[in-house]
2 protein chains.
Amino acid sequence: MPKEVLFDEETVLKKATALFLNKGYNGTSMDDLTKATGLSRSSLYNSFGDKHSLFMRCLTYYQAGEHGALSDAVSNIASPVKRIKAAFRYLVDVILKSGTGNGCLIVNTTAELATVDKEVCEFVFRNTDIIEHLFTQWVKEAQQQGEISKTFTPTAIARHLFNTYVGLRISEQSNPDKKFLDDIVKVALSVLV
Amino acid sequence: MPKEVLFDEETVLKKATALFLNKGYNGTSMDDLTKATGLSRSSLYNSFGDKHSLFMRCLTYYQAGEHGALSDAVSNIASPVKRIKAAFRYLVDVILKSGTGNGCLIVNTTAELATVDKEVCEFVFRNTDIIEHLFTQWVKEAQQQGEISKTFTPTAIARHLFNTYVGLRISEQSNPDKKFLDDIVKVALSVLV
DNA sequence: CTATATTTGGAACGATTATTCCAAACAATA
DNA sequence: TATTGTTTGGAATAATCGTTCCAAATATAG
């Protein structure tokens with residue numbers, strides 16, 4: 001039987017993801033990745049394929065992590081409007097507590113690669129769809145329970161919420177200030193009436 | 001007297017900017033730039049310094065161009081609320097007409113370099129401030145003329161508008177669809193009452 | 001026409017890029 | 001313990017990176 005793998009795959013993904021998040025895809029070299037993960041070149045290639053494959057793994061790993069964290073933060077909130085507000089308060093909280101101002105890997109990747117990398121393009125499109133549907137569900141709930149008016153369609157409001165999210169992920173990098181982000185959330189969520 | 005420069009500096013900047021907008025800073029090589037501009041390496045270095053200097057020139061060139069285009073599009077609109085709405089309609093129009101889905105150079109650069117490049121960081125911070133102040137002026141006007149309520153401060157609304165703008169510049173890359181962008185604008189600007 | 005000053009093209013540079021390769025290390029089975 | 005199959009580290013690769021350098025080209029001034 002083969003020698004077993006000595007490293008924890010998730011630990012490696014976590015460190016690689018942090019690196020990509022900080023320096024971007026093109027700004028991160030395989031040398032950086034070996035140093036950050038502690039793995040040698042061959043181990044990295046053997047376990048994750050080439051740089052692009054590793055990056056795609058990081059993207060899905062990051063996506064799952066973010067989605068899980070958000071679920072944990074708001075899943076027990078019954079009121080859909082309160083759930084939406086809590087989600088954005090949670091987001092601002094995470095941004096300020098991380099302190100790095102690195103933004104979101106998926107948003108950053110959209111800006112860096114969406115127009116030149118087909119695989120990335122498909123990923124970010126799917127991701128957009130997933131978030132839009134999640135928000136749409138929440139808004140639909142809110143309208144059915146009479147928490148907010150039916151002036152706009154659930155989809156339209158969901159898209160606005162998505163846009164507010166990605167905006168915040170850029171804004172945190174150009175002006176990582178609590179008042180700035182709070183102002184954005186306060187006004188953006190005032191449409192939920 | 002010296003031999004005069006044979007190329008038009010603005011034409012070169014325009015082509016270099018288009019390249020950076022499409023492929024990002026790290027994704028664009030000096031070789032790409034020589035091919036796109038038609039200039040040789042030495043001419044490029046001689047006239048614009050190194051890659052980073054050329055990039056900063058492109059950033060300010062792009063900034064001036066965008067600001068000028070926006071001014072031209074809305075400066076003759078007396079009503080501040082109509083002006084804001086026209087600005088975002090103009091933006092969606094530009095996005096759809098360009099068809100490239102490349103987003104905004106400054107937003108993309110924020111995502112790619114803001115946390116690792118001090119000079120870029122200062123630039124995007126200044127840019128954020130400029131746009132915030134412009135929007136703040138418009139909102140202040142609107143409130144003074146009674147076009148919208150004073151529920152929120154002009155700054156808070158301006159920050160929401162800024163956030164909506166950068167969001168749109170990402171969203172256009174993840175889902176370049178007219179209905180999608182129109183929904184965002186429609187809901188986001190519904191706070192102007 | 002000559003001299004001058006600057007640009008220009010292209011070769012050349014060392015550093016870094018992503019990737020491959022191979023022998024040595026090693027854990028699990030037989 | 002011997003064998004097997006895989007991982008591992010590090011050297012090696014070819015390509016590309018940003019940058020420099022220099023001789024040739026060229027427009028102006030004298």
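Each chain gets a letter, A, B and so on, in the order the sequences are listed, and its residues count up from 1.
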Q.
Taking the ring of A/Phe162 and the ring of A/Phe135, is the distance between their centroids below 6.0 Å?
A. no

Q) B/Asn46 CG to D/dA25 C1': how many Å, rounded? A) 14 Å

Q) Can you tell me how far P of D/dG9 sits from CE of A/Met30, to the nearest Å? A) 14 Å

Q. Which word best sums up how the rings of A/His160 and B/His160 line up, parallel for under 30°, tilted for 30 to 60°, or perpendicular for over 60°?
A. perpendicular

**Q.** Rounded distance (Å) that lies between atom C1' of D/dT13 and atom CZ of A/Arg41
**A.** 12 Å

Q: Name the closest nucleotide to the A/Ser42 side chain, picking from C/dA18, D/dG10, D/dG18.
A: D/dG10

Q: Indicate whether the side chain of B/Glu147 and that of B/Ser79 have a donor and an acceptor atom separated by less than 3.5 Å.
A: yes

(Q) Could you tell me how far apart B/Lys51 (NZ) and C/dA15 (C1') are, to the nearest whole angstrom? (A) 14 Å

Q. NA contact type, B/Ser29, heavy-atom cut-off 4.0 Å: base, sugar-phosphate, or nothing?
A. sugar-phosphate

Q. CZ of B/Phe7 versus P of D/dA27: gap in Å, rounded?
A. 15 Å

Q) In whole angstrom, what separates A/Asn26's CG from C/dT16's P? A) 18 Å

Q. Can you tell me how far C1' of D/dC17 sits from NZ of B/Lys23, to the nearest Å?
A. 13 Å

Q.
Taking NZ in B/Lys85 as the centre, count heavy atoms belonging to other residues, nucleotides or ligands within less than 6.0 Å. Is the count above 12?
A. no

Q.
With a 4.0 Å cutoff (strictly under), does any side-chain N or O of B/Ser47 reach OP1 or OP2 of C/dT7?
A. no

Q.
So, applying side-chain hydrogen bond (donor to acceptor under 3.5 Å, both in side chains) with A/Asn22, which one of A/Asn102, A/Thr100, A/Asn108, A/Asp32 is it?
A. A/Asn102

Q) Taking atom C1' of D/dG10 as reference, at what distance in whole Å does atom CG of A/Leu44 sit? A) 14 Å

Q. Counting only side-chain N and O atoms of B/Ser43, is one of them less than 4.0 Å from OP1 or OP2 of C/dT7?
A. no

Q. From D/dT7, D/dG18, C/dT8, pick the nucleotide closest to the side chain of B/Ser40?
A. C/dT8

Q: Quick one: label B/Thr28 by what it contacts on the DNA or RNA (base, sugar-phosphate, nothing), any heavy atom closer than 4.0 Å.
A: sugar-phosphate

